Amino acid sequence: MNRLFSFVFTFACLAIWSINSERAYVHDKLVRLEPFTDEHIHYLQALEETTSLDFWTEIMAPNRSVDVRIRANEYDQYVSQFKQYSLPYEIIVNDIQEVIDNEEKELAQDRLMRQIQSRWLGEAEPRIVGTYATYKQMETYLDEKAAADPTHIKVIDIGKTYEGRSIKVISIKMNPASTRNIWIDCGIHAREWITPATCIWSIEEFINEYNNRDPIIRQILDKWTVYVAPSLNPDGYEYSQTSGNRLWRKNRFPTNALCNGVDLNRNYPWKWNTGGASTSACSETYCGRSAGSEIETQNVVKFLESLKGTWDMYMSFHAYGQWWFTPYGYTTGLPKDYQKQLATAQAGANALTAVRGTKYAVGSISGLLYIASGSTCDWAYDSLGIKHSYTIELPPTQQQSNIGFVLPVSEAPAVCRETYVGMKEFLNKVHEDTAQ
Ligand SMILES: *[C@@H]1O[C@H](CO)[C@@H](O)[C@H](O)[C@H]1NC(C)=O
Ligand SMILES: [Zn+2]
């Protein structure tokens, strides 16, 4: 009876939750542009810098396609501009809201199944490994991990967000004598939901595999304390989950009357605003009022700097595109450690691909893709001096832009699993490179 009641209750909650969310993307279109001249590229760069158009893929070079979301009420205006510039375009998704509605339905089902499972097993909380959890659920998960092994696992509150949430980092220190550290973060861009899921999956596997005496994980965790931050942008993440604005990217700082949010991955205090970032508040790549202006940035900077000199690896997860990036983003110049970084990243990517064929391209941000300044990766390498600093863009590929950020939750476990396998081999290689 009790179980039946909780089943009905849960179902009712989910129904209300679905009805509550507004639908912000009705008839918004995803359009693929085929720029073929330098003028096209300059025109698109100007759009990205000065408007709130939502570019899903990067503006690279002539003859490299660019996918952009265009709001329903702005569509005609932009199409007439494209025609004026002789810029070829095609519609890839006719109604983005439909894609989001489908994801939401699937996620509601997934949550319901997990609720039922937890009631059935008599567990207090539904399991969140392999799904898109709420920020609160992730906080609870971290606390449970620490409570289960307080000697080795701690949850650190590195500071508040603009809206007053705590940015939580879990530290896993299996060897009390270890003095070196590695860092993994996820979720700096709110809508990239697969990334917090990947961080949670990794925490679960690090702990389980260590306790199950996996030799490679033993070696890794006996050398390093691992710090994992499942979400560097909890305000944005919460907003993307609860407000109906599924595609929100930035933080929630109210910049002006028109537009909220700073792109935290353009706000880091190194080569700030030196290209590939915007100074207009409504742009999706708005870099903020000054270098490190955002409280979320400051908290991370403060924490990592407090342990400066002890870090052997920095990794930041993003979506999407299937890229494994090394520095730099701000310049096409390559760092002195590039060859070693490339080989290490390639080893990780190869191990990842071996799981089920998912292919990654490996190389520097600016070399493979575009100039982007103020990113965490350059800052970690240059300012903190972390030789092994990387950014990973998880699936899907750019060719699968009809999903883009809205990766169905049913695909999350497979993506998390292969990524973890790749990361394990990668860390093994970093370990070899940093062995005394
Ligand atoms: C792009 O493609 C067009 C048509 O195939 C070609 O004429 C042009 O040279 C290409 N531009 C570049 C920069 O490759
Ligand atoms: Zn991102």
Side-chain angles (χ1 to χ4, degrees), residues 32-45 48 54-69 85-89 132 184-199 229-237 239-240 246-251 261-268 276-278 283-288 294 296-297 300 314-325 327 329 360-361 365-366 368-380 389-398 401 403-407 415 419:
R32 181 159 295 171
L33 304 168
E34 305 287 354
F36 62 85
T37 65
D38 286 336
E39 288 69 39
H40 288 154
I41 296 298
H42 296 148
Y43 162 63
L44 293 177
Q45 282 169 340
E48 185 171 39
D54 179 15
F55 286 84
W56 280 26
T57 67
E58 302 302 331
I59 303 158
M60 290 185 263
N63 298 341
R64 306 282 299 266
S65 64
V66 179
D67 294 345
V68 62
R69 173 173 64 89
Y85 280 88
S86 305
L87 173 56
Y89 67 93
Y132 302 144
I184 299 166
D185 66 56
C186 292
I188 194 169
H189 287 145
R191 62 190 174 184
E192 298 164 9
W193 289 3
I194 187 60
T195 71
T198 298
C199 265
S231 175
L232 291 189
N233 181 10
D235 294 353
Y237 186 66
Y239 187 72
S240 74
R246 168 68 181 85
L247 298 171
W248 189 259
R249 166 183 167 99
K250 302 186 282 182
N251 77 350
V262 171
D263 182 349
L264 294 173
N265 204 40
R266 299 290 183 279
N267 187 241
Y268 274 66
S278 170
S283 168
E284 291 291 351
T285 55
Y286 175 50
C287 61
E294 300 313 290
E296 294 86 359
T297 308
V300 176
Y314 174 94
M315 182 183 284
S316 191
F317 280 101
H318 287 256
Y320 61 102
Q322 293 172 208
W323 317 91
W324 195 314
F325 288 131
Y360 274 69
I365 300 171
S366 57
L368 281 181
L369 212 52
Y370 57 106
I371 293 284
S373 59
S375 74
T376 60
C377 185
D378 288 353
W379 169 77
S389 293
Y390 305 84
T391 294
I392 292 182
E393 299 273 358
L394 294 174
T397 65
Q398 296 212 332
S401 264
I403 314 171
F405 304 102
V406 195
L407 185 76
V415 171
T419 309

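In each ligand, atom 1 is the first atom listed, and ligand 1 is the first ligand listed. Quantities reported herein were computed from a predicted structural model and do not represent experimental measurements.
Within the 4.0 Å cut-off (strictly below), no protein heavy atom is located near atom 4 (C) of ligand 1. The protein does not reach atom 7 (O) of ligand 1 closely, with no heavy atom under 4.0 angstrom from it.
Side-chain contact check for Gln398 versus Asp67: every heavy-atom pair is 4.5 Å or farther apart.
Side chains of Asn251 and Glu296: a donor on one and an acceptor on the other come within 3.5 Å. Using modelled atom types and a 3.5 Å distance limit, the side chains of Ser375 and Asn265 yield no donor-acceptor pair.
Atom ND1 is the N/O/S atom of His189 found closest to the Zn ion (ligand 2).
A donor-acceptor pair is defined here as one N or O able to donate and one able to accept, closer than 3.5 Å; such a pair exists between the side chain of Arg191 and the backbone of Leu247. In this structure, His40 contributes its side chain and Tyr85 its backbone to a donor-acceptor pair below 3.5 Å.
Protein heavy atom closest to atom 13 (C) of ligand 1, with residue, atom name and distance, is Pro62 CB, 3.8 Å. Taking atom 10 (C) of ligand 1 as the reference point, the nearest protein heavy-atom neighbour is Asn63 ND2, 2.5 Å.
Atoms ND1 of His318 and OE1 of Glu192, as seen from the Zn ion (ligand 2), are separated by an angle of 90°, to the nearest 10°.
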